[in-house]
Amino acid sequence: MGDKEQIKLLKKDPPKGFDILTAEYGGLLYTLVRGRLPAAHFGSAQIEDIVADTLSDFYLHLDAYHPERCSIKSYLCVIARNKAADVSRKTKITQLPLEEAQDTIDIADDAEESDLRAQLIREIRNLGEPDSVIIIRKYYLGQPSKEIAAALDMTPANVDVRTHRAIEKLRKHFGGKP
């Protein structure tokens with residue numbers, strides 16, 4: 001079913017349209033939200049709530065969606081990403097357990113890639129705090145420098161400088177160009 005047909009169905013028969021919307025995009029949204037929120041802090045029920053809120057917001061603000069600008073899939077993903085970021089921000093996670101990042105990496109199918117990622121996690125751990133926390137927040141959770149700075153009682157400029165220096169250390173360790 002195309003996006004325009006989906007919108008027509010949502011307007012004509014909301015329960016049926018909502019069921020189809022949920023069946024088609026629910027799994028994708030769940031995966032997206034789960035990937036943005038650390039499992040150590042957020043359970044399945046909380047993730048399902050965010051997905052339900054995403055779908056509800058889409059339906060409640062259906063007039064704000066313009067099919068010629070983007071697909072329903074893209075639009076829903078943006079809503080879900082923003083909701084996940086809001087939830088993460090509101091809970092003010094000060095430190096992501098590096099063990100969780102390690103567990104996430106271990107599911108990689110390619111053994112060589114898994115070893116490289118495990119080595120990267122070890123090196124991030126070796127950076128010490130607050131650098132390791134900054135790198136995980138910035139690149140694993142996708143948080144902006146301003147948000148990290150507020151959580152760690154630093155300035156955004158300080159976060160950026162520490163990020164740059166930490167990346168340079170990691171790059172040097174792995175033999176990359178400085």
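- From Lys169, atom NZ reaches atom CD1 of Ile167 across 11.5 Å, with rounding to the nearest 0.5 Å.
- The one candidate from Leu29, Val33, Asp57 that meets the side-chain contact (heavy atoms from CB on, under 4.5 Å) condition with Lys83 is Asp57.
- At least one side-chain heavy atom of Phe58 sits under 4.5 Å from a side-chain heavy atom of Leu10.
- Val51 and Leu62 fall within a single hydrophobic cluster, where Ile, Leu, Val, Met, Phe, Trp and Tyr side chains are chained together by heavy-atom contacts under 4.5 Å.
- Within the 4.5 Å cutoff, the side chain of Ser132 has no heavy atoms near those of the Arg125 side chain.
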Begin from the C-alpha positions of Ile72 and Leu21 and carry the test side-chain contact (heavy atoms from CB on, under 4.5 Å) through to its verdict. CA-CA 9 Å; Ile72 290 176; Leu21 191 71; 4.0 Å; yes
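- In the model, Ser71 has no side-chain atom that pairs as donor or acceptor with a side-chain atom of Asp3 under 3.5 Å.
- Taken to the nearest 0.5 Å, the SG atom of Cys70 stands 9.0 Å off from the CG atom of Leu76.
- If you chain together hydrophobic residues whose side chains sit under 4.5 Å apart, Val78 and Leu60 never meet in one group.
- The shortest side-chain heavy-atom distance between Asn82 and Thr54 does not fall under the 4.5 Å cut-off.
- Separating the CG atom in Asp53 from the CD atom in Glu48 is a distance of 12.0 Å, to the nearest 0.5 Å.
- Of the inter-residue distances, the one linking Ile79 atom CD1 with His61 atom NE2 reads 9.0 Å to the nearest 0.5 angstrom.
- Leu55 CG to Ile50 CD1: the interatomic distance, rounded to the nearest 0.5 Å, is 12.5 Å.
- Smallest separation of non-hydrogen atoms from Pro156 and Ala149: N-CB, 3.5 Å.
- By the 4.5 Å heavy-atom criterion applied to side chains, Gln46 and Val87 are not counted as neighbours.
- The shortest distance between side-chain heavy atoms of Phe18 and Ser56 falls below 4.5 Å.
- Looking at heavy atoms from C-beta onward, Arg162 lies in side-chain contact with Met154 at the 4.5 angstrom threshold.
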What's the verdict on side-chain contact (heavy atoms from CB on, under 4.5 Å) for Val159 and Leu152, showing C-alpha distance, side-chain angles and the deciding distance? CA-CA 9 Å; Val159 169; Leu152 299 178; 5.6 Å; no
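- Within the model, atoms CD1 of Ile134 and CG of Asp160 stand 9.0 Å from one another, a figure rounded to the nearest 0.5 Å.
- Surrounding NE2 of His164 are at most 12 heavy atoms belonging to other residues, nucleotides or ligands under 6.0 Å away.
- Residues Lys11 and Asp63 form a side-chain contact, since some pair of their non-hydrogen atoms from C-beta on lies under 4.5 Å apart.
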Assess the residue pair Glu168 and Arg171 against the criterion (salt bridge (charged side-chain N to carboxylate O under 4.0 Å, His left out)); give the C-alpha distance rounded to whole Å, side-chain angles, the decisive distance to 0.1 Å, and a yes or no. CA-CA 5 Å; Glu168 289 302 316; Arg171 190 175 284 143; 2.8 Å; yes
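- Proximity of Glu24 to Gln6: side-chain heavy atoms (C-beta onward) are separated by under 4.5 Å at one or more points.
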Glu5/Leu9 under side-chain contact (heavy atoms from CB on, under 4.5 Å): CA gap, chis, key distance, verdict: CA-CA 6 Å; Glu5 292 82 23; Leu9 183 60; over 6 Å; no
